[in-house]
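Here is the structure we will look at.
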Amino acid sequence: MDYQKIASDVYNLAESDEPIALLVREALQVIEQCLDQYGQDHVSLSFNGGKDCTVLLHLYAAVLTRKVLSAHKPIFALYIPDPSPFPALEEFIKITVQDYLLDLFTCNLSSDIQLPVESVTPGVSTPTALKGSNGYIGHSLQTQPVGAARGGEGMRRALELYKLRFPDIQAILVGTRRTDPHGTTLSYRNVTDPGWPAFERVNPIINWAYSDVWTFLRKLNVPYCTLYNEGYTSLGSTYNTFPNPALLITNVDSSNTLPSSLTTVANNPNAMCLVDPTPPKSFMNGFGPFTIIADNPDQTCFADPVFDLRETELLRSSIETLGPFQVLASDPSTQCYAEVNDKSANGVNLLPRYRPAYELQDGALERAGRVSGAIPLAKPEI
């Protein structure tokens, strides 16, 4: 990671004529003032891999490089995982730790039930399966907010653990925005509520809108979690987070790209290929009659006839469902297999497809893919 470039890009954006410049300047000033008061050794950053804290981390790295001149020094950070996090999110966090030199402490709780980390809405009933758990500690900790900020009990306990392990940390940079649940009354700097570990919460991007976050990330080419390219706009647990329905690609949206008869199932279940029956003639030399257009439009795959699918042990178990073509991806390490589907009114049944998060027009729908109050079933006893 080129810290000098990060600092140059961020501060140049702050002094530019771009509409987002004022927000960037304000955020940088808040971070600078925090460091002036506490010093880098007493400041940590809350990082869970989401888009907001990714923006905050990039801003923080710029300030450290420009003002503190110690970007080579590991950045103190804490990670408070949501219950049942997405594997893609966890992988992004690992990569970010390496890229930004984070000294990341993961606050794992020892409770055998999953306590809420995010802001909690009171009145949600506790599933019977949880009530029967040996670790059940009462309805209030599951569904009632803790403190004026209405944070979850899991968050409070995680911060207690962090304070115990890192008593010198006095301020925590947080990527909260005013449109977040219960973020309306927060300011740039707020001390924690009574009954919570003593920290000052610093919210440099509190006044940013959803669109501002994506303007910053995309304008500066900041890496972010790939789930946002799959229609997710707000990330939580796997059991309460889904692609945003506002980004669903409808039949009208996809009328020009729907295949006529085949869906290609990749050996990577996260990848989706579509069959286009009318590829450009220049692509046809030496290939079979279909061009496979991957969900990444920059990649093109080609169908190649396979005369005996039983030649490989891998395909033997699924020979009944495979069509007559083996697909050779542009990446030789990836193979796709054609599977015939029943035609629908559009030509073929497809898995739902979603536009990327940055295409969401109405920021008020940011959390439309989140299920409020969802609680997973208790883990079965072994």
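- To the nearest 0.5 angstrom, F86 atom CZ is 6.0 Å from L227 atom CG.
- Here the options are I6, I31, V30, the test is side chain to side chain contact (heavy atoms under 4.5 Å, CB included), and the partner is L59; only I31 passes.
- Contact annotation: the side chain of Y3 never approaches that of R66 to less than 4.5 Å [non-hydrogen atoms, C-beta and beyond].
- Of all heavy-atom pairs spanning T241 and G236, the tightest one is OG1-N, 3.0 Å.
- Nearest heavy atoms, L45 versus L57: CD1-CA, 3.8 Å.
- Remark: the S44 side chain and the Y162 side chain contain an N/O donor-acceptor pair separated by less than 3.5 Å.
- Side-chain contact of Y358 with N229: a donor-acceptor pair under 3.5 Å is absent, judged by distance alone.
- With hydrogens and angles disregarded, no donor-acceptor distance shorter than 3.5 Å links the side chain of R178 to the backbone of N207.
- With values rounded to the nearest 0.5 angstrom, C107 atom SG is found 9.5 Å from M155 atom CE.
- F242 pairs by the side chain to side chain contact (heavy atoms under 4.5 Å, CB included) definition with V371, not counting sequence neighbours.
- The list of salt bridge (charged side-chain N to carboxylate O under 4.0 Å, His left out) pairs with a residue in residues 84-101, not counting sequence neighbours, is empty.
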Quiz item: Taking it one step at a time, do Y228 and L235 satisfy side-chain contact (heavy atoms from CB on, under 4.5 Å)?
Solution: CA-CA 9 Å; Y228 291 116; L235 301 180; 3.6 Å; yes

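- For T106, there are no side-chain hydrogen bond (donor to acceptor under 3.5 Å, both in side chains) partners two or more places apart in sequence or in a different chain.
- Grouping the Ile, Leu, Val, Met, Phe, Trp and Tyr side chains by contacts below 4.5 angstrom, directly or via other members, places V68 with I75.
- Transitive grouping of hydrophobic side chains (ILVMFWY, heavy atoms separated by less than 4.5 Å) brings V222 and M1 into a common cluster.
- Put simply, the side chain of H42 gets close to the backbone of D168: a donor and an acceptor are under 3.5 Å apart.
- The two residues A357 and L247 have their closest heavy-atom pair at CA-CD1, 3.8 Å.
- Looking at heavy atoms from C-beta onward, T96 lies out of side-chain contact with T54 at the 4.5 angstrom threshold.
- Using a 4.5 Å heavy-atom threshold, the side chains of V24 and W208 count as touching.
- For the side chain to side chain contact (heavy atoms under 4.5 Å, CB included) test, residues two or more places apart in sequence or in another chain that qualify with P243 are Y232, Y354.
- Hydrophobic clustering of Ile, Leu, Val, Met, Phe, Trp and Tyr side chains at less than 4.5 Å, counting indirect connections, keeps V191 apart from I206.
- Between atom CG of residue L173 and atom OG of residue S46 there is a gap of 9.5 Å, rounded to the nearest 0.5 Å.
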Exercise. Decide yes or no on side-chain hydrogen bond (donor to acceptor under 3.5 Å, both in side chains) for T215 and D212, but give the supporting numbers first.
Key: CA-CA 5 Å; T215 296; D212 298 323; 5.2 Å; no

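- Heavy-atom minimum distance, P197 versus T192: O-OG1, 2.6 Å.
- Here D41 pairs with K73 under the salt bridge (Lys or Arg N to Asp or Glu O under 4.0 Å) rule; sequence neighbours left out.
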Practice problem: Let me see the working for Y79 and F105 under ring-ring contact (aromatic ring centres under 6.0 Å, His included), right down to the final yes or no. | Solution: CA-CA 6 Å; Y79 170 40; F105 178 77; over 10 Å; no

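- In this structure, S237 contributes its side chain and D82 its backbone to no donor-acceptor pair below 3.5 Å.
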Quiz item: Going through the distances and angles, do Q4 and T65 end up as a side-chain contact (heavy atoms from CB on, under 4.5 Å)?
Solution: CA-CA 7 Å; Q4 294 297 332; T65 305; 3.5 Å; yes

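- In this structure, S211 has no side-chain hydrogen bond (donor to acceptor under 3.5 Å, both in side chains) partners at least two apart in sequence or on a different chain.
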Practice problem: Check the pair Y188, N203 against side-chain contact (heavy atoms from CB on, under 4.5 Å), reporting the backbone distance first and the verdict last. | Solution: CA-CA 5 Å; Y188 284 123; N203 310 300; 5.6 Å; no

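- Side-chain N or O atoms of Y210 include none that pairs as donor or acceptor with a backbone N or O of Q361 at under 3.5 Å.
- R189 pairs by the side chain to side chain contact (heavy atoms under 4.5 Å, CB included) definition with Q33, Q37, Y38, E200, V202, not counting sequence neighbours.
- Note that OH of Y60 and CZ of F47 are 14.0 Å apart. Values are rounded to the nearest 0.5 Å.
- Between the side chain of D193 and the backbone N or O of W196, no donor-acceptor pair lies under 3.5 Å.
- Residues satisfying the side chain to side chain contact (heavy atoms under 4.5 Å, CB included) criterion with A198, sequence neighbours excluded, are absent altogether.
- The shortest heavy-atom contact between D52 and I205 is O-CD1, 3.6 Å.
- Every residue was checked against the salt bridge (Lys or Arg N to Asp or Glu O under 4.0 Å) condition with E32, not counting sequence neighbours, and none meets it.
- A distance of 7.5 Å separates CZ in R355 from OG1 in T250, rounded to the nearest 0.5 Å.
- With sequence neighbours left out, the salt bridge (Lys or Arg N to Asp or Glu O under 4.0 Å) criterion links R165 to no other residue.
- Going from atom CG of L104 over to atom CD1 of I93 covers 7.0 Å, rounded to the nearest 0.5 Å.
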Show me, pair by pair, the donor-acceptor contacts under 3.5 angstrom made by side chains of residues 12-22, not counting sequence neighbours?
residue, atom, partner, partner atom, Å
N12, ND2, S8, O, 3.0
N12, ND2, S8, OG, 3.3
S16, OG, L13, O, 2.7
S16, OG, E18, N, 3.2

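- In this structure E366 satisfies the salt bridge (Lys or Arg N to Asp or Glu O under 4.0 Å) test together with K51, R177, sequence neighbours excluded.
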Self-check item: Test side-chain contact (heavy atoms from CB on, under 4.5 Å) applied to L186 and T176, step by step
Solution: CA-CA 9 Å; L186 296 179; T176 300; 3.8 Å; yes

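- H58 places a side-chain heavy atom less than 4.5 Å from the side chain of Y100.
- Taking all atoms of both residues into account, the shortest heavy-atom contact from C53 to N48 is SG-OD1, 3.1 Å.
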